[in-house]
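To start, the structure itself, in structure tokens.
What you see below is based on every heavy atom in this structure, not just the backbone, and it leaves out hydrogens, waters and symmetry mates. Residue numbers start from 1 in every chain, and the chains themselves are labelled A, B, ... in the order their sequence lines are given, proteins ahead of strands.
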2 protein chains.
Amino acid sequence: MKLPETSEWVLHAAAVIAQLPSGATVSAAQLSEHFGVPGPYLSKQLAKLVRSGILTGSTGPRGGFRLARIPERISILDLVAAVDGAADPYVCRELRQQGRGAARPEDCTQPCALAAVMRDAHEAWRESLSAVSLADIVAGLPAGVVDKNRRLLG
Amino acid sequence: MKLPETSEWVLHAAAVIAQLPSGATVSAAQLSEHFGVPGPYLSKQLAKLVRSGILTGSTGPRGGFRLARIPERISILDLVAAVDGAADPYVCRELRQQGRGAARPEDCTQPCALAAVMRDAHEAWRESLSAVSLADIVAGLPAGVVDKNRRLLG
DNA sequence: GGCGTTATACTCGGATACCACGTGTCCGAGTACCCCCGG
DNA sequence: CCGGGGGTACTCGGACACGTGGTATCCGAGTATAACGCC
């Protein structure tokens with residue numbers, strides 16, 4: 001079980017975008033330079049955030065990305081789910097009802113206990129990620145980093 | 001982010017093995033018939049459980065697998081970690097210190113806040129899985145399933 | 001009849017191909033800006 | 001000097017190859033069993 005490496009890119013990129021002055025935008029090329037990652041591939045990931053309604057993208061000169069809503073209402077879970085999908089990593093294929101030892105349907109009125117445990121764990125993971133907003137991340141950045149970003153974005 | 005499909009196999013197989021009479025064993029071939037999954041591949045996964053110290057495997061006729069310790073002391077996390085590894089799905093590559101906008105080392109005295117959030121979420125997932133033991137799963141099985149397994153294992 | 005030896009059949013364990021998803025790249029459609037020209 | 005039109009350059013968005021890890025399979029090493037022959 002592993003998240004795409006681009007998850008980290010998207011999280012850091014969103015943190016930078018959140019520091020933009022109101023109305024300003026930043027391009028994928030600028031961000032790729034900022035982080036030292038492949039530009040076109042980063043652009044591909046940011047497009048996912050646009051499709052998820054987290055960012056809005058504008059084309060043309062002075063175009064780029066900006067947040068679609070205030071950072072207080074963007075959770076880390078929103079970002080991770082946008083780039084990786086919201087599906088549960090464990091999928092129950094009803095193994096108990098297959099093969100020679102298949103359980104009879106009348107014994108399967110309750111959902112599979114193992115699937116329930118895995119689902120609860122995933123829910124705990126989601127809760128933990130949704131408890132932190134992008135604004136919380138930005139608020140915790142060291143002053144030096146904020147200054148550096150301000151210079152980039154200004 | 002997704003778990004190997006074999007995670008489900010291992011969880012169900014462990015639940016069956018936990019119902020074995022004391023001292024008895026069950027072979028990978030029996031289990032693969034029971035669940036309708038490829039035998040050699042299942043054997044490969046069970047070998048991981050042996051390496052993790054959850055099962056013990058004996059060769060020869062009447063050989064097979066049995067639990068290495070009581071099911072109360074085997075958590076779902078133990079099983080999942082054995083088959084998928086215990087690594088955090090999110091790996092922090094210190095993106096903040098790379099590229100043109102790299103933060104200075106003196107601004108990175110604190111660990112990356114994003115990595116910390118992801119780590120906490122993973123820890124919540126692990127806690128949730130470690131709270132349930134194999135004995136809990138077996139105790140919750142319907143009576144019909146237990147009977148069916150008893151007939152298989154007896 | 002009891003015991004040692006041998007042959008056997010069955011088990012796990014690791015080494016070997018195949019395939020899908022993430023990774024990396026490219027090019028095209030669309031748009032706001034800027035310059036130029038005319039009034 | 002001011003307004004309109006066209007060209008331009010820049011942006012995002014989706015379509016196209018490549019590599020790594022999961023999936024599936026096989027065969028070999030090792031061992032408890034069972035039969036067999038001998039004492």
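- When the nucleotides C:dG24, D:dA9, D:dT31 are ranked by their closest atom to the side chain of B:Thr59, D:dT31 comes out on top.
- The NZ-P distance, from B:Lys44 to D:dA24, rounds to 12 Å in whole Å.
- Each of A:Met1 and A:Ser43 was assigned the nucleotide of DNA chain D with the nearest heavy atom; the assignment lying further toward the 5' end belongs to A:Ser43.
- Comparing D:dG13, C:dG24, C:dG13 against the side chain of A:Trp9 picks out C:dG24 as the nearest.
- Listed nucleotides D:dT25, C:dG13, C:dT25 differ in distance to B:Val50; the shortest reach to its side chain belongs to C:dG13.
- Among the heavy atoms of the strands, none lies under 4.0 Å from A:Ala29.
- If you take CG of B:Leu31 and C1' of C:dC10, they are 16 Å apart, rounded to a whole angstrom.
- Closest approach to the A:Thr6 side chain among C:dT23, C:dC12, C:dG30 is made by C:dT23 (side chain taken as heavy atoms from C-beta onward).
- Separating the CD atom of B:Gln45 from the P atom of D:dT23 is a distance of 8 Å, rounded to the nearest angstrom.
- Minimum heavy-atom separation, A:Leu46 to A:Ala28: CD1-CB, 4.3 Å.
- Nucleic acid contact for A:Pro38: sugar-phosphate only, since backbone atoms but no base atoms lie under 4.0 Å from a heavy atom of the residue.
- Closest approach of A:Asp84 and A:Pro4 over heavy atoms only: OD1-CD, 3.2 Å.
- Of the residues near DNA chain C, A:Gly60 and B:Lys2, the one whose nearest nucleotide (by heavy atom distance) lies more toward the 5' end is B:Lys2.
- Considering only the side chain of A:Ser27, D:dT11 comes nearest among C:dG24, D:dT11, D:dT33.
- With rounding to whole Å, A:Leu42 atom CG is found 14 Å from C:dT25 atom C1'.
- Straight-line distance from the NZ atom of A:Lys48 to the P atom of C:dC21: 13 Å, rounded to whole Å.
- Between B:Arg62 and C:dA9 there is no side-chain polar atom (N or O) within less than 4.0 angstrom of OP1 or OP2.
- Nucleic acid contact for A:Thr25: none, since no nucleic acid atom lies under 4.0 Å from a heavy atom of the residue.
- The number of heavy-atom neighbours closer than 6.0 Å to CZ of B:Arg69, taken from other residues, nucleotides and ligands shown, is above 12.
- Rounding to whole angstrom units, CD of residue A:Gln30 and P of D:dC10 are separated by 13 Å.
- The phosphate of C:dT23 has OP1 or OP2 within less than 4.0 Å of a side-chain N or O from A:Tyr41.
- Minimum atom distance to the side chain of A:Pro4 is reached by C:dG22, of the listed D:dT25, D:dG13, C:dG22.
- Distance CZ (B:Arg66) to P (C:dC12): 13 Å, rounded to an integer number of Å.
- The existence of a salt bridge linking A:Asp88 and A:Arg126 is excluded, since no basic side-chain nitrogen approaches an acidic carboxylate oxygen closer than 4.0 Å.
- A:Thr56 places no side-chain N or O within 3.5 Å of a backbone atom of A:Phe65 that could act as its donor or acceptor partner.
- Residues B:Val132 and B:Val145 do not share a hydrophobic cluster, clusters being chains of Ile/Leu/Val/Met/Phe/Trp/Tyr side chains in contact below 4.5 Å.
- Nucleic acid contact for A:Pro40: base, since at least one base atom lies under 4.0 Å from a heavy atom of the residue.
- Between B:Asp84 atom CG and D:dG22 atom C1' the separation is 10 Å, expressed in whole Å.
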